[in-house]
Amino acid sequence: MEVLREKVEEEEEAEREEAAEWAEWARMEKMMRPVEVRKEEITLKQETLRDLEKKLSEIQITVSAELPAFTKDTIDISKLPISYKTNTPKEEHLLQVADNFSRQYSHLCPDRVPLFLHPLNECEVPVRLKFVSTTLRPTLMPYPELYNWDSCAQFVSDFLTMVPLPDPLK
């Protein structure tokens, strides 16, 4: 256990050092640019925003008439693992805690939409809760093409397809 803790601490230290190096590199690059270039960038940003607004206003979204419908008949639940059909005692306890929180939330905030904490899965079993750790922190990723809006938008348009929900209000 101690070896694992040391390994995690080493990885965290390496991440902090890498983030500091990236920040220093970005700061130095910005400082080394001439003042005239920085003034032009401000002007270009405003022009770029106008161009972006124009391009976005011209986008037409088409929705296909045929949407895939998943029903109980389309899924063979006999082939699913046992973990899909039952919850462990720890998961049941976690679901009870979530129900308790949901009741308190509904009582304190009756005008808000109820929380969506544990939907039913294909086997009509409440799904175990998945929590995101609060220790996550922002990190510079090794994908500089995703730092700018235009290349990021290009990535999204190339690799993602929007499939609207049958009834978006449910």
Side-chain angles (χ1 to χ4, degrees), residues 7-75 80 84 94-95 98 101-102 104-122 126-170:
K7 178 84 171 159
V8 169
E9 289 172 355
E10 288 174 5
E11 289 176 359
E12 288 176 348
E13 181 63 28
E15 287 177 8
R16 282 193 290 274
E17 289 175 2
E18 184 178 341
E21 288 174 5
W22 273 94
E24 180 66 22
W25 176 80
R27 188 178 64 81
M28 291 300 292
E29 180 182 319
K30 189 174 183 179
M31 290 182 70
M32 296 193 60
R33 294 182 197 156
V35 177
E36 301 82 33
V37 174
R38 283 187 242 152
K39 287 181 181 177
E40 290 176 11
E41 286 178 355
I42 293 171
T43 307
L44 287 176
K45 285 183 181 179
Q46 291 173 352
E47 293 171 1
T48 306
L49 287 174
R50 286 190 198 107
D51 291 342
L52 174 62
E53 185 177 6
K54 182 180 177 187
K55 288 178 184 177
L56 289 175
S57 66
E58 295 171 356
I59 294 176
Q60 298 293 324
I61 299 176
T62 58
V63 179
S64 64
E66 291 185 27
L67 296 174
F70 291 106
T71 63
K72 293 179 185 177
D73 302 331
T74 59
I75 300 172
L80 294 175
Y84 278 56
L94 194 57
L95 288 169
F101 176 77
S102 182
Q104 291 178 25
Y105 178 84
S106 297
H107 178 72
L108 294 173
C109 308
D111 55 329
R112 292 190 179 179
V113 177
L115 299 174
F116 189 65
L117 294 178
H118 50 83
L120 299 178
N121 69 4
E122 300 85 359
V127 178
R128 309 180 280 278
L129 294 174
K130 305 291 183 196
F131 292 105
V132 177
S133 173
T134 58
T135 61
L136 295 178
R137 59 191 176 276
T139 310
L140 286 175
M141 298 300 294
Y143 307 106
E145 62 272 7
L146 296 180
Y147 292 158
N148 300 326
W149 69 265
D150 53 346
S151 56
C152 189
Q154 186 65 42
F155 172 81
V156 170
S157 69
D158 289 345
F159 293 103
L160 298 180
T161 305
M162 186 183 90
V163 178
L165 297 171
D167 186 358
L169 299 177
K170 286 189 177 178

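It should be emphasised that the depicted structure is a prediction, and the values quoted were computed from it without experimental measurement.
Taken from CD in E13 to CD in E17, the straight-line distance is 4.5 Å, to the nearest 0.5 Å. Summarising the geometry, atom CD belonging to E53 is positioned 13.0 Å from atom NZ belonging to K55; distances are rounded to the nearest 0.5 Å.
The shortest heavy-atom contact between T48 and W149 is CG2-CZ2, 3.6 Å. Among all heavy-atom pairs drawn from L146 and S151, the shortest one is N-OG, 4.2 Å.
Electrostatic pairing of R50 and E47 does not count as a salt bridge here, judged by no charged N lying under 4.0 Å from a carboxylate O.
Side-chain atoms of S102 never come within 3.5 Å of backbone atoms of A98 as a donor-acceptor pair (strictly under, hydrogens ignored).
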